[in-house]
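Because only heavy atoms are used, hydrogens play no part in the values below, and waters and symmetry mates are left out as well, while side chains stay in. Numbered from 1 within each chain, the chains take letters A, B, ... in sequence-line order.
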Protein chains: 2
Amino acid sequence: MSKCEQCIVRQFNSLKALTKDELVRISSCKTSRIVKKGEVLFEEGEHINGVFCVKDGICKVSKMSDNGRDQIVHLIKKGDLLGERSLINDEVSNLKAIAVNDMQVCFIPKEEIVRDLEKNPKFTMDILKNMASSLKNADNVIVDMAQKTVKQRLAATLLYLDDKFEKDTDGAIDVSLSREDIANIIGTATESAIRLLSEFKKKGLINLKGKQVFILDTQKLKDISTGF
Amino acid sequence: MSKCEQCIVRQFNSLKALTKDELVRISSCKTSRIVKKGEVLFEEGEHINGVFCVKDGICKVSKMSDNGRDQIVHLIKKGDLLGERSLINDEVSNLKAIAVNDMQVCFIPKEEIVRDLEKNPKFTMDILKNMASSLKNADNVIVDMAQKTVKQRLAATLLYLDDKFEKDTDGAIDVSLSREDIANIIGTATESAIRLLSEFKKKGLINLKGKQVFILDTQKLKDISTGF
DNA sequence: TTAAAAATATGATATTTATCAGCTTTTAGC
DNA sequence: GCTAAAAGCTGATAAATATCATATTTTTAA
């Protein structure tokens with residue numbers, strides 16, 4: 001099994017704040033796992049009992065709303081940690097995580113993370129900073145959800161995806177979301193998302209080939225998303 | 001000036017994790033302030049440079065959306081801290097805070113809080129736990145904003161207010177929000193909020209006397225908010 | 001390879017919500 | 001107490017969005 005202290009991925013998350021010794025210890029008790037596209041990492045209400053470090057792949061993190069529709073609240077990619085919040089609160093997960101494509105993840109048991117939280121203030125502080133940043137971001141999403149139209153939210157989401165993910169060899173955003181996934185990010189009916197995507201395509205703002213999405217006019221999308 | 005180590009209010013927030021000595025030190029450098037109804041505690045983009053501890057009163061924390069409407073993302077009351085996030089991120093505030101009624105707040109300069117964060121792991125951990133809890137809550141709000149109708153959100157908001165705030169001597173929720181404020185919490189037009197409030201009143205779910213809101217049928221409101 | 005299932009697409013319609021206009025009531029300042 | 005301004009209210013209408021229906025395309029699995 002690969003060693004955490006040699007893993008590049010940890011540079012992208014709070015594990016970078018751990019010392020060599022701590023990494024060696026974590027490395028020895030972590031487990032690695034392949035998660036196939038569509039497989040569930042964890043369910044709402046499940047005790048996660050640890051933290052996932054994503055070595056490769058993408059997953060969607062969602063919550064079922066009262067009306068029975070899934071709302072995607074995060075997209076997690078290579079280098080991201082997953083599950084810190086439930087761990088810190090000592091609660092079952094509020095959210096469900098499903099792989100969007102094949103993933104490679106490492107799982108670090110709770111006790112190991114807790115030990116580092118207690119012993120390494122730098123690590124704790126880094127987690128805290130990340131959480132503060134996530135919280136700021138969440139506030140912004142709340143404002144967008146509350147105040148923007150579906151069209152504005154779609155434009156904003158396309159820009160977000162364009163910014164967050166790499167391009168594939170064709171130049172499309174390298175995350176293969178279904179139309180339903182996209183609708184579940186912006187919080188609308190699948191048909192509405194499809195309709196607006198077609199409209200954007202017709203206007204030359206994007207191009208669509210199956211699940212591939214190509215951003216053609218960033219500025220115009222920005223204008224739409226800000227209501228200009 | 002009153003002393004932090006004798007202040008009951010700190011029991012309700014992370015300051016409870018500080019030692020007596022730390023409290024005495026904080027007490028000696030904090031400033032107290034009366035903030036009148038309608039006054040601004042801080043603006044979007046302002047360097048807060050510290051943390052507010054609310055001794056009394058309520059304030060609304062909002063963000064201006066691109067389309068020019070204010071979205072209220074938090075209501076802060078007696079015992080709450082305000083401004084930790086900007087402090088931890090070392091960023092200007094993302095949000096604006098305005099007093100809903102007359103407030104009494106203490107202001108603790110940034111350096112003092114940072115010193116405690118560095119020296120007192122219990123304090124840091126308590127802040128971290130609070131932040132994790134806020135983040136979970138924010139995710140839930142995102143789902144509600146994205147998936148619930150305005151009517152569902154109004155019902156949920158009324159229940160939230162009923163839960164969070166005390167009752168006044170008449171039995172109304174003890175926070176005096178304008179119709180516009182309520183609309184800015186649920187993210188809708190003021191007229192829509194007014195219309196739905198009237199509808200709820202007509203149906204006997206609530207009663208309204210000026211800004212006073214009386215919850216009459218909690219169960220029915222719960223049913224509405226969950227789409228039952 | 002092919003049939004069945006799932007995803008995508010589009011039109012028609014219903015529902016929800018925003019906007020605009022005008023009116024009444026309440027509040028704040030003199 | 002009076003007056004202007006703000007807040008609250010209601011109706012009419014327009015715009016946004018959801019829902020339902022159905023057709024087409026793509027994917028999956030036997």
remark   = Here the distance between atom C1' of D:dT26 and atom CG of A:Leu208, to the nearest Å, is 15 Å
request  = Describe the nucleic acid contact of A:Thr190 in one word from base, sugar-phosphate, nothing, applying a heavy-atom distance below 4.0 Å.
outcome  =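 No contact.
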task = Indicate yes or no for a side-chain donor-acceptor contact from A:Asp181 to the backbone of A:Ser178 under 3.5 Å, with no hydrogens or angles considered.
result = yes
Interatomic distance where CD belongs to A:Glu199 and C1' belongs to C:dG11 [whole Å] = 16 Å
remark   = Taken to the nearest whole Å, NZ/A:Lys209 to C1'/D:dT26 is 17 Å
request  = Starting at atom CD1 of B:Ile182, determine the distance to atom C1' of D:dA7, rounded to an integer number of angstrom.
outcome  = 12 Å
key: A:Glu180 CD - C:dA5 C1' separation (whole Å)   =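 Checked: the CD to C1' distance equals 14 Å.
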task = Would you kindly give the CD-to-C1' distance between A:Gln212 and C:dT8, to the nearest whole Å?
result = 16 Å
query = Mapping A:Leu197 and A:Ala146 onto DNA chain C by nearest heavy atom, which one lands closer to the 5' end?
reply =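 Nearer the 5' end of the strand: A:Leu197.
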inquiry  = Check B:Lys203 with B:Glu199, please: is the shortest side-chain N to carboxylate O separation under 4.0 Å?
reply    = yes
In residues 166-173 of chain B, what donor-acceptor pairs under 3.5 Å come from side-chain atoms, sequence neighbours left out?
from	atom 1	to	atom 2	distance (Å)
B:Lys167	NZ	B:Asp162	O	3.1
B:Lys167	NZ	B:Asp162	OD1	3.0
B:Lys167	NZ	B:Phe165	O	3.4
B:Asp168	OD1	B:Asp170	N	2.9
B:Asp168	OD1	B:Gly171	N	2.9
B:Asp168	OD1	B:Ala172	N	2.9
B:Asp168	OD2	B:Gln212	NE2	2.8
B:Asp170	OD2	B:Gln212	NE2	3.0

ask   = Is a donor on one side and an acceptor on the other found under 3.5 Å between the side chain of A:Arg179 and the backbone of A:Ile194?
value =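 Here the side-chain-to-backbone pair does not exist.
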ask   = Any N or O donor-acceptor pair linking the side chain of B:Arg195 to the base of D:dG8 at under 3.5 Å?
value =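 Absent.
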Carboxylate-amine/guanidinium contact A:Asp139 B:Arg85, below 4.0 Å =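 Salt bridge: yes.
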task = Round to a whole Å and report the spacing from CZ of B:Phe200 to C1' of D:dC9.
result =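 Result: 17 Å.
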ask   = Tell me: CD of A:Glu191 to P of D:dA16, nearest whole Å?
value = 18 Å
inquiry  = I'd like to know if A:Arg179 reaches the base of D:dT25 with its side chain such that a donor and an acceptor end up less than 3.5 angstrom apart.
reply    =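 No, the side chain and the base share no sub-3.5 Å donor-acceptor pair.
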query = Sub-3.5 Å donor-acceptor pair from the side chain of B:Lys148 to the main-chain atoms of B:Ser225, do we have one?
reply = yes
ask   = Start at the 5' end of DNA chain D and walk down; is the nucleotide closest to A:Lys211 or to B:Gly210 reached first?
value =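 Upstream on the strand: B:Gly210.
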key: Options D:dG11, C:dT10, D:dT19, nucleotide nearest the side-chain atoms of A:Ile194   =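 Among the listed nucleotides, the one closest to the side chain of A:Ile194 is C:dT10.
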key: Donor-acceptor pair, side chain of B:Asn184 and main chain of B:Ile72, under 3.5 angstrom   = no
Could you list all N or O pairs between the protein and nucleotides 15-17 of chain C that sit under 3.5 Å apart?
from	atom 1	to	atom 2	distance (Å)
C:dT17	OP1	B:Val150	N	2.8

